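One-based numbering along the sequence shown. Since we're looking at a predicted model, the values are computed, not measured. Computed from heavy atoms alone, side chains included, the values below leave out hydrogens, waters and symmetry copies. When a ligand or atom number is given, it counts from 1 through the structure's own listing order.
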Amino acid sequence: MSTQRAQFGTRLGVIATTVGSAVGLGNIWRFPYEAGAHGGGAFLLIYIGFIFLIGVPVICAEFIMGRGTRRNIFGAFRTLHSNRCWAWVGYMGILASILILSFYSVVAGWTIEYLVEAVSGSLDTAGNGAELHNRFDHFVSGWRPVMWTLAFLAVNAVILFRGVRGGIEKASNILMPVLFVILIIFCINSLLLPKAGEGLWFMFHPDFSKVDSGTLIGALGQAFFSLSLGLGTLMTYSSYFSDSTPLVKSAVTTASLDTVVAILAGIIIFPAVFTYGCEPAAGPKLVFEVLPAIFHQMPGGTLWAILFFFLLFLASLTSTISMSEICIAFFCEQTGMSRRNATLLNTGIAMGLGTLCALSFGPMSNFTIAGLTVFNLFDYLSSNILLPLGGMLISIFVGWIVDRRLVRSQLAGTGNLPHLLLRAITFCLRYVAPAGILLVFLSGLNII
Ligand code: PFF
């Protein structure tokens, strides 16, 4: 089986594609508004704790299952255990990937709108908090977001048709480093804004009086969402790793780079939020309201805006490609469907659901389920419930059920693995991750 599957060509390709999956709108759009809604500094600290204590071990678990079986999430569980119940974790991952693809494509569509506006020069207008707010509201309440969502999904499908190596790897190798550089330039710019100090204080000063169960669930959900974790994306990608790829190192590198990008995004956004009088807890709109104001005051703002939205669009694409790959690998390998048809099916479903999400800010804003719009429901359900739950089950599976020898041999790869490191990862998978996630869930249900 392993000889028939595609493999990533180079080590850089491995890191660039996993980081490409992890880094995206989650870091630049979702992290600032989640941090903003949950009080800033305390959220950041808890988030970083979750990334390294729960996220890194669970990434290792996904890698072990993916490379150890060279199968998609569903096939990996079936290969490692005969009990069919475990395959439900696979179904959960597939459901989560479709829900995320649907709402994520809407936000990616917003970046296309802003890119087009930047190119046409109409983004470059001054505005205070209220004007910036109205501008965004006016756009999302119409039908244009639907058009851009569908356009984005079409581009995503075209890249997916070309397969793993041709499309995904090449694009990520070039684009991720460029995104890094441009974020650093924007950070410097934001640090020079008049109220930079207030923004940084908000983001880095932990005020634990603001911590409640919402903060914990939000931080855990954000950690899983940002790392593309708990739904089988990293499992599917690692099934394309070569035998010599060092799993632990790749997991730590992915988590660290992803966290750095989220922090950079915070350093860009919060000084501007305070300088332009926006509301840190504005929710999903936050970044799109604030960015035009940042570009407006930068010398050569239009060019920066074009570059930024283009890169954000590409970063979204490397993430949606990875989440689509879960579904496509499943359909191809479990049902024998052609890659082309699997891609069309995945895209078709996401286009239908994505349209509902896109309309959630306008014509369908009054349609709510459990008090949430379709967009918010898909986001909450996938990020805060399905991904952590999937991560908990994956860690239990690898920690308690998978053969120790497979865990050890996969983590060590072709090199050596210090015994202590193996013990630490196994301990986290057996106890820390499942118990941590369970406690956060219980606090959300007000049980503890
Ligand atoms: N990690 C991506 C981001 O931060 O933008 C989002 C994501 C990608 C979530 C892939 C889930 C996934 F499978």
Inset, instruction - Identify, with sequence neighbours excluded, every residue that meets side-chain hydrogen bond (donor to acceptor under 3.5 Å, both in side chains) alongside Tyr380. - result: none
Legend entry - By side-chain hydrogen bond (donor to acceptor under 3.5 Å, both in side chains) - contacts of Thr302 (at least two apart): none
Legend entry - Every residue of the protein that comes under 4.0 Å of ligand 1, judged on heavy atoms: Ser21, Ala22, Gly24, Leu25, Gly26, Asn27, Ile100, Tyr104, Phe225, Ser226, Ser228, Leu231, Thr233, Ser319, Ser322, Met323
Inset, instruction - Determine whether Ile267 and Phe204 make a side-chain contact, defined as any pair of heavy atoms from C-beta on separated by less than 4.5 Å. - result: yes
Legend entry - Ring centres under 6.0 angstrom apart (Phe202, Phe43): no
Inset, instruction - Could you tell me if the ring centre of Trp29 sits under 6.0 Å from that of Tyr33? - result: yes
Inset, instruction - Mind checking salt bridge (charged side-chain N to carboxylate O under 4.0 Å, His left out) for Arg67 and listing every partner two or more places apart, or none if nothing turns up? - result: none
